[in-house]
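Side chains are part of it too, since the values below use all heavy atoms of this structure and drop only hydrogens, waters and symmetry mates. Residue numbers run from 1 in the order of the sequence given.
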Amino acid sequence: MVVITPEYNHPKELSLANEMLARGLPLLHIRKPYWTFEQLEHWVEKISYQHQDRLVIHIPTPVINNCLKVFKQYSRLINSIKAQYAHLSTENCSLVNNYMSELPYLSTSVHNSTESKQLSTRHRRAFLSPVFTSISKRGYHPTIDWTSILQAWEFPWIQTVALGGITPEYIPIIQAQGFDDFAVLGAIWQAQEPLKIFDLCHNQDHLFFP
């Protein structure tokens with residue numbers, strides 16, 4: 001199970017993040033495309049030290065394209081917390097080939113069959129989206145038969161993670177489709193009781209993805 005942070009601050013985001021990690025959340029993806037590096041670093045510092053290795057930092061496209069100095073700051077932070085993965089877009093993964101030794105294994109996002117062809121031996125996780133109609137992005141609907149993609153999956157070393165519109169009741173369907181894992185965003189952060197939704201998803205995770 002993965003939880004992805006909202007792009008914009010949730011009023012109880014840090015306390016909820018720490019509580020979900022304390023309750024056993026395997027991976028928390030930090031996706032803050034509009035933050036400065038300093039804002040990101042400050043956020044990470046407020047996560048309990050014993051859980052920081054379960055954080056996955058998303059490196060934004062502007063950093064990859066325009067600022068090697070800031071990219072190196074990201075890579076140092078990622079390594080300092082002993083993160084298992086760093087998350088980049090499929091296009092950006094190819095742009096950092098010269099600096100792969102500075103990053104752990106890669107996590108990325110795949111939205112179509114063309115992007116899946118850019119996967120490599122450095123990748124270990126691929127988020128396939130949207131699987132269902134997105135909760136956090138209005139009008140973002142699935143346009144691909146992901147079951148067919150999974151049946152023809154050519155990358156046995158890369159775990160497939162379902163993303164988009166994931167709620168507790170969809171988790172058995174995701175497992176039956178052949179996904180290895182799932183990620184939750186809107187269902188938690190837009191809920192009146194985020195931890196209640198987290199617990200439901202976490203229980204389903206143990207049941208269907210032991």
Side-chain angles (χ1 to χ4, degrees), residues 1-5 21 24-31 51-59 61 64 74-75 78-79 81-134 140-185 187 201-210:
M1 177 180 174
V2 175
V3 172
I4 302 175
T5 63
L21 288 163
L25 173 64
L27 291 172
L28 177 67
H29 276 238
I30 308 172
R31 183 176 180 271
H51 303 315
Q52 288 183 357
D53 62 345
R54 285 185 271 149
L55 302 179
V56 181
I57 293 172
H58 288 223
I59 306 179
T61 294
I64 301 295
Y74 270 81
S75 64
I78 289 166
N79 287 313
I81 63 174
K82 296 181 172 59
Q84 302 170 59
Y85 311 98
H87 190 95
L88 295 80
S89 72
T90 49
E91 179 182 353
N92 289 344
C93 287
S94 64
L95 294 177
V96 298
N97 281 337
N98 293 335
Y99 307 99
M100 287 298 191
S101 62
E102 300 181 27
L103 295 172
Y105 284 119
L106 300 182
S107 166
T108 194
S109 299
V110 171
H111 307 92
N112 51 60
S113 57
T114 300
E115 288 183 341
S116 69
K117 294 176 183 176
Q118 300 179 48
L119 297 172
S120 74
T121 55
R122 286 291 301 175
H123 293 97
R124 285 297 182 272
R125 290 169 70 79
F127 287 66
L128 310 186
S129 71
V131 176
F132 305 106
T133 298
S134 176
Y140 192 41
H141 306 287
T143 59
I144 293 176
D145 179 4
W146 290 111
T147 302
S148 298
I149 296 290
L150 291 170
Q151 288 173 348
W153 193 247
E154 300 176 358
F155 314 98
W157 64 91
I158 300 177
Q159 289 187 313
T160 54
V161 185
L163 172 62
I166 307 299
T167 58
E169 59 265 28
Y170 280 134
I171 294 170
I173 298 172
I174 293 162
Q175 192 271 341
Q177 287 176 324
F179 283 96
D180 299 309
D181 200 357
F182 64 92
V184 189
L185 201 168
C201 290
H202 198 214
N203 289 339
Q204 293 282 67
D205 183 34
H206 284 304
L207 183 61
F208 291 99
F209 297 91

Arg125 meets the salt bridge (Lys or Arg N to Asp or Glu O under 4.0 Å) criterion, sequence neighbours left out, with Asp181
Student check: side-chain heavy atoms of Arg124 and Leu106 closer than 4.5 Å:
no
For Tyr85, enumerate each residue passing the ring-ring contact (aromatic ring centres under 6.0 Å, His included) test, keeping only those at least two apart in sequence or located in another chain.
none
Go through the structure and list residues passing ring-ring contact (aromatic ring centres under 6.0 Å, His included) with Tyr74, not counting sequence neighbours.
Phe37
Would you check if the side chain of Ser134 reaches a backbone N or O of Gly165 as a donor-acceptor pair within less than 3.5 Å?
no
Determine, step by step, whether Trp146 and Ser129 satisfy the side-chain contact (heavy atoms from CB on, under 4.5 Å) criterion, reporting the C-alpha distance in whole Å, the side-chain angles of both residues, the deciding distance to 0.1 Å, and the verdict.
CA-CA 9 Å; Trp146 290 111; Ser129 71; 5.6 Å; no
Would you say Leu103 and Ile59 make side-chain contact, with heavy atoms under 4.5 Å?
yes
Lys117 side, atom NZ; Asn112 side, atom CG - distance, nearest 0.5 Å:
9.5 Å
Residues forming a ring-ring contact (aromatic ring centres under 6.0 Å, His included) with Tyr170, sequence neighbours excluded
Phe132
If you measure only the distance, is there a donor-acceptor pair under 3.5 Å linking the side chains of Ser89 and Glu91?
no
Just distance, no hydrogens or angles: give the donor-acceptor pairs under 3.5 Å from side chains in residues 150-157, sequence neighbours left out.
from: Trp153; atom 1: NE1; to: Phe155; atom 2: O; distance (Å): 2.9
from: Trp153; atom 1: NE1; to: Ile158; atom 2: O; distance (Å): 3.4
from: Trp157; atom 1: NE1; to: Ser120; atom 2: O; distance (Å): 3.1
from: Trp157; atom 1: NE1; to: His123; atom 2: O; distance (Å): 3.4

Sequence neighbours excluded, the answer for side chain to side chain donor-acceptor pair (under 3.5 Å) partners of Ser107 is His87
Minimum heavy-atom separation for Ser113 to Ile144, with atom names?
N-CD1, 4.5 Å
Go through Val131 and Phe182 one step at a time and tell me if the side-chain contact (heavy atoms from CB on, under 4.5 Å) criterion holds.
CA-CA 10 Å; Val131 176; Phe182 64 92; over 6 Å; no
Interatomic spacing from OG1 in Thr108 to NE2 in His58 - rounded to 0.5 Å
9.5 Å
Side chain to side chain donor-acceptor pair (under 3.5 Å) against Thr147, all qualifying residues, sequence neighbours excluded
none
pair Leu28-Val2: side-chain heavy atoms closer than 4.5 Å
no
Check whether any side-chain N or O of Gln204 sits under 3.5 Å from a backbone N or O of Pro168 as a donor-acceptor pair, and report yes or no.
yes
Mind checking the OG-CZ spacing from Ser94 to Arg122? Nearest 0.5 Å is all I need.
14.0 Å
Step-by-step side-chain contact (heavy atoms from CB on, under 4.5 Å) determination, Ile4 to Val56
CA-CA 9 Å; Ile4 302 175; Val56 181; over 6 Å; no
Quick check against the 3.5 Å criterion: does Asp205 have a side-chain atom that pairs as donor or acceptor with the backbone of Cys201?
no
Looking only at non-hydrogen atoms, find the nearest pair between Pro104 and Ala86 and report the distance.
CG-N, 3.8 Å
When rounded to the nearest 0.5 angstrom, what is the spacing between CG in Leu128 and OG in Ser116?
8.5 Å
Walk me through it: do Ile171 and Gln175 pass the test side-chain contact (heavy atoms from CB on, under 4.5 Å)?
CA-CA 6 Å; Ile171 294 170; Gln175 192 271 341; 5.8 Å; no
Scan residues 97-107 for pairs that pass salt bridge (Lys or Arg N to Asp or Glu O under 4.0 Å), counting only residues two or more places apart or in two chains.
Lys72-Glu102
Sequence neighbours excluded - ring-ring contact (aromatic ring centres under 6.0 Å, His included) pairs with any residue from residues 93-121
Phe71-Tyr99
So do the side chains of Pro26 and Met1 get within less than 4.5 Å of each other, counting heavy atoms only?
yes
Minimal heavy-atom distance between Val184 and Ala187, with the atoms involved, is CG1-CB, 3.8 Å
Hey, what do you get for CG (Leu119) to SG (Cys93), rounding to the nearest 0.5 Å?
8.0 Å
Within the 4.5 Å heavy-atom criterion, are Leu21 and Leu55 side-chain neighbours or not?
yes
Separation between CD1 of Ile78 and CD1 of Ile57, rounded to the nearest 0.5 Å:
5.0 Å
With sequence neighbours excluded, tell me which residues meet side chain to side chain donor-acceptor pair (under 3.5 Å) with Asp180.
Thr160
Non-neighbouring partners of Thr121 that pass side chain to side chain donor-acceptor pair (under 3.5 Å), sequence neighbours left out:
none
Under the rule for salt bridge (Lys or Arg N to Asp or Glu O under 4.0 Å), what residues qualify as partners of Arg31, not counting sequence neighbours?
Glu7
